[in-house]
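In what follows, a single structure is set out as structure tokens and then discussed.
Both counts, for ligands and for their atoms, begin at 1 and track the order of listing. Since the model is a prediction, treat every value here as computed from it, not as a measurement.
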Amino acid sequence: MSSPLFLNVEAVFFDLDDTLCQYWEAARAGLFRAFEKEGPSGFTAEDMVQLWAKAFREFLKEVNHPDWYSKYLKTGESTRTEQMRRTLAEAGCADEDRARRLSETYMRERDSRLRLFDDSLEVLNTLKPKFRLGLITNGPADVQRQEVRTLGIESYFAAILIEGEMGEGKPKLSVFRRAERRVECAPEKTLFVGNSYAHDIRPAIEAGWRTAWIRRPTDVPPSAGPGGSAVEAKPADAPNPDAEINNLLELLPMLGC
Ligand SMILES: [Mg+2]
């Protein structure tokens with residue numbers, strides 16, 4: 001029998017959204033519900049989600065500006081409400097109170113729908129006694145902490161690294177160095193499992209880690225718009241991950257479990 005692909009690995013880090021939990025599905029359903037409940041008259045929820053996606057693609061270009069980024073790190077509220085303000089402006093019905101209600105309803109509806117994928121708990125339970133496990137997730141401190149609480153997974157991890165708490169996020173190399181120090185593991189003995197080539201896989205390869213790229217069929221952001229591409233492509237000249245998987249259970253034999 002050939003030896004497992006990740007024979008020497010001692011620590012396994014996971015991305016959270018769309019790797020362990022179905023974030024985009026929850027976000028899409030939460031948006032629809034928010035616009036059904038609180039959206040302006042004369043527009044279907046579908047119309048409003050399309051306008052939200054358009055506004056999102058525009059806003060994304062500005063969020064890394066220091067003015068927005070410093071707010072975004074602490075709490076999801078300011079950028080989420082601004083996003084709703086811009087969506088209502090796109091619809092020609094700017095309304096500050098409605099923007100606040102939409103933001104609040106969207107967050108609540110999204111959080112109530114967050115679920116781990118069917119394979120996640122079995123994999124975490126199998127790996128926990130044998131490996132140091134960690135989580136590296138981008139996003140505001142409050143939103144990401146709430147997600148971890150809602151999903152009930154905190155106790156699985158020796159290290160949880162959140163962009164909002166660190167003041168920096170993936171794909172920065174320094175994030176991966178922090179993670180190595182937290183679990184006291186050499187890069188070549190550390191595995192990263194994530195769904196984004198650009199944010200998870202490429203920087204982990206550059207950090208000298210082993211990598212498994214998970215590509216799930218549900219991995220389509222609401223901002224992709226109609227006919228949006230289902231899977232993120234790897235740039236032609238970019239390095240390959242050690243493994244591409246569709247389900248986390250595929251990791252177990254690779255880790256000798
Ligand atoms: Mg992700």
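- Here F192 and F176 bring their ring centres to under 6.0 angstrom of each other.
- Between the Mg ion (ligand 1) and D15 there is an N/O/S contact shorter than 2.8 Å.
- An angle of 100° is found at the Mg ion (ligand 1) between D17 atom O and N195 atom OD1, rounded to 10°.
- Taking the ring centroids of F35 and W52, they lie at or beyond the 6.0 Å cut-off.
- Residue E154 places its CD atom among 12 or fewer non-hydrogen atoms of other residues, nucleotides or ligands, all under 6.0 Å distant.
- Put simply, T137 stays out of reach of the Mg ion (ligand 1), with no N, O or S atom under 2.8 Å from it.
- Distance check for D200 against the Mg ion (ligand 1): none of its N/O/S atoms falls below 2.8 Å.
- With W213 as the aromatic partner, R215 meets the cation-pi criteria of under 6.0 angstrom to the ring centre and within 45 degrees of the ring axis.
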